[in-house]
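First the proteins, then the strands, lettered A, B, ... as listed; each starts at 1.
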Amino acid sequence: MDALALLESMMLIRAFEEALMRRPDHGFQLLSSGEEAVAVGTCAALTSDDTLLSSGRSIGPALARGLEPGPVMAELLGRTAGPCRGRGGRGHLAQPSAGYFGAHAVVGGNLTIAAGVALAWQAEGRPGVVACIFGDGACGSGALHEAMNVAALWKLPLLLVCDNNGWSVSTPRAEALAPERLSDLAAPFRMPSATVDGMDVVAVRDAALALAAHVRSGAGPAFLECVSERFATHSTATRETRPQAEMAAILARCPIRRHAARLEAEGTLTEALRAGLERDVADTVADALRYAESAPFPDVADALRDVV
Amino acid sequence: MDALALLESMMLIRAFEEALMRRPDHGFQLLSSGEEAVAVGTCAALTSDDTLLSSGRSIGPALARGLEPGPVMAELLGRTAGPCRGRGGRGHLAQPSAGYFGAHAVVGGNLTIAAGVALAWQAEGRPGVVACIFGDGACGSGALHEAMNVAALWKLPLLLVCDNNGWSVSTPRAEALAPERLSDLAAPFRMPSATVDGMDVVAVRDAALALAAHVRSGAGPAFLECVSERFATHSTATRETRPQAEMAAILARCPIRRHAARLEAEGTLTEALRAGLERDVADTVADALRYAESAPFPDVADALRDVV
Amino acid sequence: MSSETTPPVSKLFFAEAIARALHEAMSRDPRVIVLGQDVGRYGGPYREFSGLHAAFGGRRVRDTPVAEASMVGLGVGAAAAGLRPVVSITYMDFLLLGLDPLVNYGAKLRYKTGGQLGAPVVVKTTAGARGQGVAHSQCIESWLVGVPGLKVVAPSTPADAWGLMHAALQEDGPVVYVDHKRLFPTAGELARDAVPVPIGRAVVRRRGADVTIATHSYMCRVADSAADRLAALGVACEIVDLRTLAPLDVDTVCESAARTGALVTLEEGQLACGIGAEVAYRVREKTGTMRVARVGALPAPVSSNPVLEAASVPGPDEVVEAVRGLLRP
Amino acid sequence: MSSETTPPVSKLFFAEAIARALHEAMSRDPRVIVLGQDVGRYGGPYREFSGLHAAFGGRRVRDTPVAEASMVGLGVGAAAAGLRPVVSITYMDFLLLGLDPLVNYGAKLRYKTGGQLGAPVVVKTTAGARGQGVAHSQCIESWLVGVPGLKVVAPSTPADAWGLMHAALQEDGPVVYVDHKRLFPTAGELARDAVPVPIGRAVVRRRGADVTIATHSYMCRVADSAADRLAALGVACEIVDLRTLAPLDVDTVCESAARTGALVTLEEGQLACGIGAEVAYRVREKTGTMRVARVGALPAPVSSNPVLEAASVPGPDEVVEAVRGLLRP
Ligand SMILES: Cc1ncc(C[n+]2csc(CCOP(=O)(O)OP(=O)(O)O)c2C)c(N)n1
Ligand SMILES: Cc1ncc(C[n+]2csc(CCOP(=O)(O)OP(=O)(O)O)c2C)c(N)n1
Ligand SMILES: [Mg+2]
Ligand SMILES: [Mg+2]
């Protein structure tokens, strides 16, 4: 994925979320704003052979993975035109046919599932990588340990990507996790790991490419920690606990502005180009909203469909 | 605990288990034979301020901790004179008043419990160390990760002792656990750790003393891995999978003979002294058996006692 | 001047009632501590721990990692060693991660040690649907009811939230305290001289001669709405709030059902092997034959989708229909 | 010479029946793999995986770490991605460690993805008491029965062990396959032309006109012993083996109970919110009034102590007593 595409992908996520937030009918959402570079950089290292799993903070990962914004919007607004027919919602968004095995809203819950997907792929001799994005919070859970151990033992094609935004709801990472760097957790299992600046999409992509290459080679799992910032509250239904002054500094670290500035400095991005991207993204989001709005809510009888 | 006491403690465990094995009525047992040095060396580092938890392989830990052999035998034979009134049995042997908080037969199940005991002691300002002996098998469980993280974060007075006998039933440790050394698992949590020869009671004791001193100082948890050998089958009800030739080499590593040989070489142990210890131990075991036999089985009505 | 200046009751919200009970218990008993995600400065996802961190500090009101297995293990272990921890498991769905220490250790500890140890831990958790989807909406109280050594309480009013928390903290063994997302913002009264609500005692919330509705937690409010509607149709419902699910107060339900001659059980969770099946069995055991209907969730997961969620969990409509079906001659 | 030289049935033990079904399924379908502790060369704690490692190798018959959460997670995830894993959880008590991936993910996967994914995993686990104590003896089938999206089977004979394993491996979603420690060494017959046992179909094991005993798993044998004793007293028992607990075949129980006019439910697990409560409810729902008694464990943990274990789980005595109590005029 080239540098402009990285920018556009991040811009799309931001614009999508902003549009979603303007609606009164989204229930509540866990936004990826601020963390776009983690999703986009990771997905830039994935091919159509690969699949992605994520936590319930799913908008960034889903869009970065290339899901159509319209169906994603429909899913988040509870419409049947969503890939899960509007029943998965933010926490359980999934479109395996598009390389997104899905979100799972149980913290840490997708880690052993992802290892299982990787096991199936290994058994079937498929070439792909199974990538799983999870938060720093999930690093406290035993599931990470169990998944890392078995993935390392069995050399599963699993790329673990920790989107360390420094918070689990109101709890700072330092008060929840003893390791100095979260990627240190991979060391006992003798898997390659890296900690990168999660606000720098190029750094994320390059590290993800390197680690994915290791995984792709059949040598087993790898662990990538991306240190990021959460721009919004934990969810749109939760209170902000960070002081305003701190928030200003956090928002100043915007991964989109940072990447755009780099491209401008390099001469890759012009004002016109940027305006064009902004228009494209806005159009895409507007289309997505129209697509979603035109779709119905599920029927009551749907409540008993696809149970077993 | 002096060197002779270490020897006697190990001899007692061995003789106790041999006597128990001669009985037809023990149900089935998980023996500590071969692993005496781990239990005895660990307990030699504990004081009456401390408490011990263990896995279901409980005979060595219980006797090494100084529980009366009579009640222990009674417990294992299902008699009401056991500390748990004969209802805990091998898997759940406990006598907190004697510094043995207890066994728990769920693999890894005592790890977070031990952390909880350590939390209570910290909250109450008690000086002691909470030691938890668990098998290599338990190192695959997420509970270890969760317990280490929180113990490190909160500086809990927890000494984790892994009795790595190289097997989980029929599964060799190398096929179940990816780390090179199991003590490597402690590194990300920045707690001191050591791997020692678990067949050398002095090495275990010295390492346990050093790590317990760290824990006692209030600096937080520590991790001790003792590499040992299981002399018997996993339990007396399971099949042996190790070839006979291998078994001969394993049995030759006897921690009791090794320690005795050292003491003989040093001149601390004479033939007469050793014969005396053997007699004492045999008498103790015979008394324990008599004590247990003289006690009744529980009454049927006991089945509804102490439920809530 | 006179004592009448202090009103005999105070008004408070459900979430406040929990915080108040904990504040009182923690003031009185240094062994009470709170462990949970975001229970500290944040005050809990529903502000139900509000003020405790400020009052008692970070060592007695501890934010934990997102690691429910260890949270329950820590609570059970600390309880066995002498504390009286309250462990907050945000949603009951996540309690699945902590069932091993709770069920395999805590609930059996007194029994297996022959009375040497017990684990007086309160596991406070939140059940029920409110737009949060398949893994954040479940009601699995019925599982816990069959675990010997566990007690289970489920308040439906602020007064009971307060009274059952106090009672739970006085138990010798583990108690699971189940509240509900939709109850936190509800208000009610608490008498100044209130005493703990005895564990194992149901209460009749509404009197009526025609049918008994036995229910608990948020479904008490659903039952009440249904009863209002039925009253308009000339049917008088008696509502028994079970309050404690283990032990279950069958006598109170039996007395009521014997009076009305008909019993509807109502729960938000699944019907199969549920609370209703148990209540129905035990009532019939005592009363002989009894007309019974049960109402619960559709046999399906609970989606965050508003249409599907509303369809899958019971509301007043389903209760009205069940009552009318039962009373139809 | 003639086809009669091949006997139409073979005799085999329960443990062998499981291994045989797996061997056949693995030969036919490369997607079937086995994951579990000591399932490889060792052949399983009860030899129920005997021969599979030799036949299919270590990549299809994998020993796992002692880490039930990941074992179930791996199985569910691999199932969702196209395999048909059989995950062996040695004892049902340890399934508590794996309930999050099973219940919060696997059981809800088809629903939450709108049919895009499913998780055809078979979680095979062993319930019941046989001298192993409080955390190795539990029967928690009733919990699973109330989980939408899960099926639960519990064979009592080698033929059903074979037939239900085959059926489970043909499902589109997760199935929990519950066997019992005391069944492995029991023997039985399997027809050469046997076909999978349909999931959701109970079977009448013994005919009798006086009372219906509805039960499952090892308790079928206990029921049979009780029936022998009762026959000597002139009481003819009909025994319905439920075989599948979810979905539950209520019709077969109803037909039998309608014939006999009396129903005793029998389970080794706890009564509260148990299988018996559900069966009783649903039978009465269909048959109107029905005399019912239920038999299950004492409300206490199950000790490894032989005296206490025998006292706490039901045996023929309790069944005989329940039947006589029920039939007493
Ligand atoms: C097992 C579990 N426990 C608790 C929760 C409630 N919860 C939802 S998101 C969240 C924070 C997770 O933090 P992190 O993993 O860092 O992800 P982030 O929200 O920062 O993206 C929590 C505690 C949950 N969903 N699952
Ligand atoms: C959670 C859990 N899973 C499985 C078992 C069955 N089991 C009992 S002991 C054991 C082996 C454990 O190995 P290890 O921890 O190394 O202890 P060792 O037996 O070698 O002392 C197993 C798998 C159990 N008791 N608990
Ligand atoms: Mg975070
Ligand atoms: Mg071992």
Side-chain angles (χ1 to χ4, degrees), chain C residues 68-69 93-94 96-105 107-112 133-136 138 140-149 245-246 248 269-282 284-285 288-290 292-294 296-304 312, chain D residues 68-69 93-94 96-105 107-112 133-136 138 140-149 245-246 248 269-282 284-285 288-290 292-294 296-303 308 312:
Chain C
E68 283 78 4
D93 316 67
F94 313 149
L96 270 60
L97 291 154
L99 285 175
D100 170 58
L102 182 66
V103 172
N104 286 334
Y105 189 91
K108 296 173 175 61
L109 187 60
R110 182 174 305 284
Y111 183 87
K112 78 175 189 171
V134 296
H136 290 60
Q138 292 165 89
I140 54 160
E141 301 92 292
S142 62
W143 295 11
L144 306 174
V145 164
V147 178
L245 302 176
L248 199 59
Q270 291 295 317
L271 287 174
C273 301
I275 306 291
E278 182 65 19
V279 169
Y281 189 94
R282 294 187 54 194
R284 281 163 155 164
E285 198 173 36
T289 59
M290 168 69 64
V292 180
R294 59 181 182 175
L298 290 185
V302 179
S303 171
S304 56
S312 60
Chain D
E68 283 78 5
D93 317 68
F94 312 149
L96 270 60
L97 291 153
L99 286 175
D100 170 58
L102 182 67
V103 172
N104 286 334
Y105 188 91
K108 296 173 174 61
L109 187 59
R110 181 173 307 284
Y111 183 87
K112 78 176 189 171
V134 295
H136 290 58
Q138 291 164 91
I140 54 161
E141 301 93 294
S142 62
W143 294 12
L144 306 173
V145 164
V147 178
L245 302 176
L248 199 59
Q270 290 294 317
L271 287 174
C273 300
I275 306 293
E278 182 65 20
V279 169
Y281 189 93
R282 296 189 51 194
R284 281 165 156 162
E285 198 172 33
T289 60
M290 169 67 66
V292 179
R294 60 180 183 177
L298 291 184
V302 178
S303 172
L308 299 177
S312 59

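Within the 4.5 angstrom heavy-atom criterion, atoms from both the backbone and the side chain of D/R294 approach chain C. Heavy atoms closer than 4.5 Å to chain C are found nowhere in D/I140, neither backbone nor side chain. Using a 4.5 Å cut-off between heavy atoms, D/V279 does not touch chain C at all.
A pairwise comparison of heavy atoms in C/G274 and D/C273 identifies O-SG, 3.3 Å as the closest pair. The shortest non-hydrogen separation linking C/G146 to D/Q270 is O-CG, 3.0 Å.
Annotation: the span from C/D100 atom CG to D/L99 atom CG amounts to 10.0 Å, rounded to 0.5 Å. For the atom pair C/S142 OG and D/E278 CD, the distance stands at 10.0 Å (nearest 0.5 Å). For the atom pair CD of D/Q138 and CG of C/N104, the computed distance is 5.0 Å after rounding to the nearest 0.5 Å.
With contacts defined as side-chain heavy-atom distances shorter than 4.5 Å, the pair C/S303/D/K112 does not qualify. Using a 4.5 Å cut-off on side-chain heavy atoms (C-beta onward), D/L271 and C/Y281 make no contact. Between C/Y105 and D/V134 there is no side-chain heavy-atom pair separated by less than 4.5 Å. Annotation: side chain of C/W143 is in contact with side chain of D/V147 (closest heavy-atom distance under 4.5 Å).
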Candidate pair C/V302 and D/Y111, rule side chain to side chain contact (heavy atoms under 4.5 Å, CB included), full reasoning: CA-CA 9 Å; C/V302 179; D/Y111 183 87; over 6 Å; no

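The candidate with the highest count of non-hydrogen atom pairs below 4.5 Å against chain D, out of C/M290, C/K108, C/R282, C/H136, is C/K108.
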